[in-house]
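Along the sequence shown, the residues carry numbers beginning at 1. Computed from a prediction, not measured in an experiment: that's the story for all the values here. Read the numbers this way: they start at 1 and go in the same order the structure lists the ligands and their atoms.
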Amino acid sequence: MRDETIPTHCPYCALQCGMNLRGVPRPDTADGAAVEVVERPDFPVNRGALCGKGRTSTFLLSSRVRLTGPLVRSRATGRLEPATWEEALRTIADGLRRTREAHGADAVGVFGGGGLTNEKAYTLGKFARVVLGTSQIDYNGRFCMSSAAAAHNRAFGLDRGLPFPLEDIPRTGCVILVGSNIAETMPPALRYLTELKENGGKLIVVDPRRTRTAEQADLHLAPRPGTDLALALGLLHEVVAQGRTDEDFIAARTTGWADARAAAMAHWPELVERITGVGVPQLREAVRLFCDAPSAMVLTARGPEQQSKGTDTVSAWINLCLATGRAGRPLSGYGCLTGQGNGQGGREHGQKADQLPGYRKLDDPAARAHVAGVWGVPPESLPGPGRSAYELLDALGGDVKSLLLMGSNPVVSAPRAAHIEGRLRSLDFLAVADVVLSETAALADVVLPVTQWAEETGTTTNLEGRVLLRRKALDAPAGVRSDLEVLSALAALLGHEKGFPADPEEVFEELRRASAGGPADYSGITYRRIAEEDGVFWPCPEPQDEEGPGAHPGTPRLFLDRFATPDGLARFVAVGHRPAAEEPDADYPVLLTTGRVVAQYQSGAQTRRVDELNAAAPGPFVELHPQLAERLGVAEGEPLAVVSRRGRAVGPARITTGIRPDTVFMPFHWPGEGRVNTVTNPALDPTSRMPEFKVCAVRLEPTRVSGG
Ligand code: SF4
């Protein structure tokens, strides 16, 4: 593609920034060519801006650390050794078949990822249910936005991260941003908040740390980790006490207010101050800013969601929107800032334990009949819902004996990671498809090297619900195959020669039919439309006459006329505060919260291998307040162990007044002794099955060598 410029999207986060790829001569690569990133100012979401991750995203394409041939673990040496594709695929097919024959279909597990394209997520779900016949499939997106998804569904009858495009944010009057540090997680999106302020709007940031995002706020509320639910209830209490509810909206467009109101009234401001540490004057100021604005939004991210009460926490923030009439109206509403590149699409098309394509429910007979019809199998042959991600990983080596894993690195990203690493090691058989030898791939019996984002075509759905097309810009190295080619070949080896195409557009055409009539209806979306329109928002039902004037325009803004519940009304959900699953005590007296840094992405499998990013963020650290550091006798940069009931992680102390004195923070992108997920708590939300990454009790142990 030397002389071409190909418009496409970043491989990393859910913003899915637009970029162009341009061919450049590179004599050190196999075919003497490579690609470089150039600005794509015409794509509306990021208007040309990229963070360092996006800017350096082509690095791995020609990196020597990428995998370029299959590896199979040698019985003789116990090491991963180079193998042919035929040998590797046959070893996987034999391994999965052996397990199924000996222990039944549910002894084979499948684990996917929120970075997989829609086509891959769809095919992986179909492969699990049709070829393997297993119910045991889930994916790492469960660790991402599942609490928001559950709360969305129960309030609005539909889960799309943002019910409006990002371009609406600068035009609203007030935004409450809860537990999101977008200045580091998706920097190009920060401009929406900057423009909000330039337009006279107000920004309230809720975060236990004074992050780069919180520094932009008109009001920063820093609650104790694990108390966002109480904070939302305290605000709603104050809204009611000040007579600032929108009774007309509540009567016309909602149900369940009486119970939700009663629950909120049990959380008076002084009580909420005691629980959260946020003062009553700050609560009142937040209510004033939120209610004085003519329109307003609440946006949440992992902070309130990755808790053992994440679903209820998000419901409490939705209740605040509903009680003040800030939902289902222009420039108002609740939204979730999804994290992973295809975190939205990845949860819609069937790799989630309880779902079928089109965001259909696996336990809905009509949904099963529709999808089974598209797949050409009897509805009764489809297995039922399986375990959630953590429960599935925890069952490895127990009743789940073999695992096929794509696009995920749970050795670093799962909670209680040392335990999960042990479960992975205890499997009879593990196969991993990845672009690099991740910490999880290193444990596998077979590792398949797969194509990267710029070497294949496929769709993703960004945090706005905008379906986008990533285009192939260059050929993959010889010896590398796409995930779709892998699944197609494995299906054939396991007796399904048809029904698993490797061509992404052919898969998308089938996905369109499978999603038709479902909540996430893609049937009116085609590759051609996405390319011509720079993305199409779902739901987008099949056009009346083939993409002619009758074509559905897509749905940038949801719920303006009615919510997606059977009666069209939004549901209040009565929720109350409860403590974190693990509160500080004499042995573990400090709170730990975890998060991200700008130069790394998720488990770091890719970004830790990019020189520029690695130089910018070479390792983890323990952020703590000077008061806490003084109590421990720890100086800046000294190694500090963070110890919980599950294990310990070590990093250099980073002392800052920008964190609460009762809390420490560690980013989670690294393996080894700095792996903070060794420490995190897998306590699950009862509805979403989200683990409690964001809060657990720890003690701190300075680890400097005495006299050193
Ligand atoms: S913000 Fe996200 S999508 Fe945009 S360049 Fe950075 S990592 Fe890529």
Practice problem: Applying side chain to side chain donor-acceptor pair (under 3.5 Å), name anything that partners S146, two or more places apart in sequence or on another chain. | Solution: none

Practice problem: For R209, enumerate each residue passing the salt bridge (Lys or Arg N to Asp or Glu O under 4.0 Å) test, keeping only those at least two apart in sequence or located in another chain. | Solution: E623

Exercise. Using a strict 4.0 Å threshold on nitrogen-to-oxygen distance, state whether K694 and D228 make a salt bridge.
Key: no

Quiz item: Got a sec, which pairs hit ring-ring contact (aromatic ring centres under 6.0 Å, His included) with one end in residues 592-623, sequence neighbours left out?
Solution: Y12-Y601

Quiz item: Does D168 reach the main-chain N or O of L331 with its side chain, forming a donor-acceptor pair under 3.5 Å?
Solution: no

Practice problem: For atom 2 (Fe) of ligand 1, check which protein N, O or S atoms are under 2.8 Å away and list them. | Solution: C13 SG

Self-check item: Flag, side chain of Q452 to backbone of L60, donor-acceptor distance under 3.5 Å
Solution: yes

